Amino acid sequence: MIQEIQIYNTLTRKKEVFEPLVPGKVGLYVCGPTVYGPPHLGHARSAITFDLLFRFLKQIGYKVRYVRNITDVGHLVADADEGEDKIAKQAKLDELEPMEVVQKYTLMYHKAMELLNLEAPSIEPRASGHIIEQIEDVKRILASGFAYESNGSVYFDVEKFAQSHDYGKLSGRKIEDLICNTRTLDGQDEKRSGLDFAIWKKASPEHIMRWPSPWGEGFPGWHMECTAMSCKYLGETFDIHGGGMDLTFPHHEAEIAQSVAARGHEAVRYWMHNNMITLNGQKMGKSLGNAISLEQFFTGNHPLLEKAYSPMTIRFFMLQAHYRSTLDFSNEALQAAEKGMERLLKAVAKIESLPVSDTSSVNIAELSANCYAAMADDMNSPIAISYLFEGVKIINSVADGKATITAADCDALKTLFDAFVFEILGLKAEAQSESGNSEVLNDVVSLLMKLRADAKANKDWATSDKIRNELSAIGFEIKDTKEGMSWELRK
RNA sequence: GGUCGGUUGGCCGAGUGGUUAGGCAGCGGUCUGCAAAACCGUGUACGGCGGUUCGAAUCCGCCACUGACCUCCA
């Protein structure tokens, strides 16, 4: 039985009960990255948001087809375009072929997403691999009369479209306001109106990525790819379209217009948008030059970072905020997330060894219901996490003998945590060290631990403390517990 | 300028017309030879001014500050 969930639909500006087009199945399309730079924290936010949705929908029983595109045509420029003239005179081989740029950053993106423990989408189509589909859609839009050809390019006629349709319905804009605000940019004689956007663009002589079309050599406009590819893989109408809030206008608005013009109806039933990551209250983004790349987070190699933050820390940090809220980056917040997550994961590891009793003093069924209810309410992961921390307290109390749990409840608790922590939130325990020397290292530290235990047994505190302090100075954390000593290498 | 949003305790961040968010830090305690770690417990809040209400931080109005979009952007 699939539980009822609510999601916030940008189109209606309210939470709605989610009812898929086909019972039990969900078609999900998400705008992926434009691969012209290293992936940054903002890419992670969007990817993690919809990974969470993907995972949750599957967990509650849906079969999901998740399509996330790679934008590899539309805005790529040769790297040399702002360099000195002499660079342009270099042999062609010395310049980056656009596909090299695409390949480089696509690989970086995939690597980062893998580290963040994102599940791969069902399909990851590239705009450059769907030129034919896009040309077909451009033809349809021309045939419908909502586009015109001009000097080898094809433009969407926004004002004409707006006469019979609500252009601006998604982003809450009025066509009159748009006209007032856009007219200032004149000089583009090709377009009838500043509002019009290119659905096919003529390639200038120096533009390298170009394809033949009925209108001459060129490339598709940015908005076309999502319209064409979502239709190809999810059908003319599909359930959910996701992306960053900054894409609602003009990108998603244009998508709606294109779908209606090409097919006579809208394609998307629920629009979901994740909010932005901010840095000192300002949006973090490549165009603002304040984006910190994911690799920099993972290595700590950035002036604003006090230390390295693991992929799971980043992931947990984001999940602790609701996806529709802005999330402000800071070292303090990230370190708080790191510690909290460690506590959560340590508790999870303890579940299986909890002592069981004939009775339970804790209510696992209620806890479980609360967790699912939180997620069903427009993916409220922070609330779900707060309930998980309630579970952490239960686990620790039972371990301390301050609460009791039956074997059945213990199983239920394990099932709940496995489902939520690993399957839905997508967290995983991060390996401490994977160096080839770890076994030897293990033996050496264990030997020192033994020496210290002997010293302690003899009440030779001086030696005992010396070993502890020196190991600590190199980065080992020594813990004395009732069961004996343990150690771990600090990250 | 237009449109939409935000303003919560030391920090991050949920939520709600009257009842505990949660995490981190702080404080107190347990444990320890001492410490660390771990665990348990715990205080502080809802931008300002009005209004509606038995009661508002939660609804309404005004003001202040701030952000996003309006060009490429997750």
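Chain naming here is simple, since letters A, B, ... match the order of the sequence lines and numbering starts at 1 in each. Note that the structure is a prediction, hence the values are computed from the model and not measured.
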Indicate, with a heavy-atom threshold strictly under 4.0 Å, whether [X] touches base, sugar-phosphate, or nothing.
X	value
A:Asn274	base
A:Asp328	sugar-phosphate
A:Ile277	base
A:Lys283	base
A:His40	base
A:Gly340	sugar-phosphate
A:Met245	nothing

Salt-bridged, A:Asp72 to A:Arg126, with N to O below 4.0 Å?
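A salt bridge is present here (some side-chain N lies under 4.0 Å from a carboxylate O).
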I want to check one thing: is the phosphate of B:rC24, taken as OP1 and OP2, less than 4.0 Å away from some side-chain N or O of A:Arg343?
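Looking at the OP1 and OP2 atoms of B:rC24, one of them is under 4.0 Å from a side-chain N or O of A:Arg343.
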B:rG22 phosphate, OP1 or OP2: any side-chain N/O from A:Lys393 under 4.0 angstrom?
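No, no such contact exists.
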[X]: which residues meet the ring pair (Phe, Tyr, Trp, His ring centres under 6.0 Å) condition with it, sequence neighbours left out?
X	result
A:His302	none
A:Phe298	none
A:His252	A:His241, A:Trp271, A:His273
A:Phe54	A:Tyr66

Can the positive tip of A:Arg68 be found less than 6.0 Å from the middle of the six-membered ring of A:Phe50, inside 45° of the ring normal?
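So A:Arg68 doesn't make the cation-pi contact.
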Do we see a donor-acceptor contact under 3.5 Å between the side chains of A:Asn69 and A:Thr71?
yes
Rounded interatomic separation in angstrom, taking [atom1] from [X] and [atom2] from [N]:
X	N	atom1	atom2	result
A:Tyr387	B:rG13	OH	P	20 Å
A:Leu354	B:rC39	CG	P	14 Å
A:Glu342	B:rA25	CD	P	11 Å
A:Phe420	B:rG22	CZ	C1'	15 Å
A:Phe197	B:rC69	CZ	C1'	17 Å
A:Ile175	B:rC70	CD1	P	16 Å
A:Glu332	B:rG23	CD	C1'	12 Å
A:Asp246	B:rA68	CG	P	11 Å

Between A:Phe417 and A:Phe422, is the ring centre distance below 6.0 Å?
no
Pairs counted as Watson-Crick or G-U wobble with both distances under 3.5 Å: what dot-bracket string results for RNA chain B, using | for bases tied to another strand?
(((((((..(((.....[...))).(((((.......)))))....(((((..]....))))))))))))....
By centroid distance (under 5.5 Å) and plane angle (under 30°), are A:Trp461 and B:rG33 in a stacked arrangement?
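It does: the ring sits over the base of B:rG33.
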List the atom pairs, with distances to 0.1 Å, where a side-chain N or O of residues 377-386 of chain A and a protein N or O form a donor-acceptor pair under 3.5 Å, not counting sequence neighbours.
from	atom 1	to	atom 2	distance (Å)
A:Asp377	OD1	A:Lys15	NZ	2.8
A:Asp378	OD1	A:Tyr8	N	3.0
A:Asp378	OD1	A:Tyr323	OH	2.6
A:Asp378	OD2	A:His322	NE2	3.4
A:Asp378	OD2	A:Tyr323	OH	3.4
A:Asp378	OD2	A:Arg324	NE	2.9
A:Asp378	OD2	A:Arg324	NH2	2.8
A:Asn380	OD1	A:Ile383	N	3.3
A:Ser381	OG	A:Leu319	O	2.7
A:Ser386	OG	A:Ile383	O	2.8

For the side chain of A:His43, starting at C-beta, report the closest nucleotide among B:rA74, B:rG33, B:rC12.
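Output: B:rA74.
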From the candidates B:rA74, B:rC12, B:rA38, the one with an atom nearest any side-chain atom of A:Leu327 is B:rC12
Listed pairs, N/O of protein and of nucleotides 46-48 of chain B, under 3.5 Å:
none

So, A:Thr106 side chain and A:Val102 main chain: donor-acceptor pair closer than 3.5 Å or not?
yes
When you compare the protein's N or O atoms with those of nucleotides 15-21 of chain B, which come within less than 3.5 Å of each other, and at what distance?
from	atom 1	to	atom 2	distance (Å)
B:rG15	OP1	A:Asn380	ND2	3.3

Taking the same atom, P, in B:rA56 and in B:rU66, what whole-Å distance lies between them?
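It works out to 30 Å between them.
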Between N or O atoms, less than 3.5 Å apart, protein on one side and nucleotides 3-8 of chain B on the other: list the pairs.
from	atom 1	to	atom 2	distance (Å)
B:rU3	O2'	A:Gly172	O	3.2

Ring geometry between A:His251 and A:His223 (parallel below 30°, tilted from 30 to 60°, perpendicular above 60°)
tilted
Under 4.0 Å from any atom of RNA chain B, heavy atoms only: list the residues of residues 26-33 of chain A that qualify, in numerical order.
A:Gly32, A:Pro33
Taken in chain and number order and not counting sequence neighbours, the residues that satisfy side-chain contact (heavy atoms from CB on, under 4.5 Å) with A:Asn331 are A:Leu305, A:Glu306, A:Tyr309, A:Phe329, A:Gln335
Return the set of residues passing side-chain contact (heavy atoms from CB on, under 4.5 Å) with A:Val67 (not counting sequence neighbours), or none when no residue passes.
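A:Tyr29, A:Arg65, A:Ile123, A:Pro125, A:Tyr233, A:Leu234.
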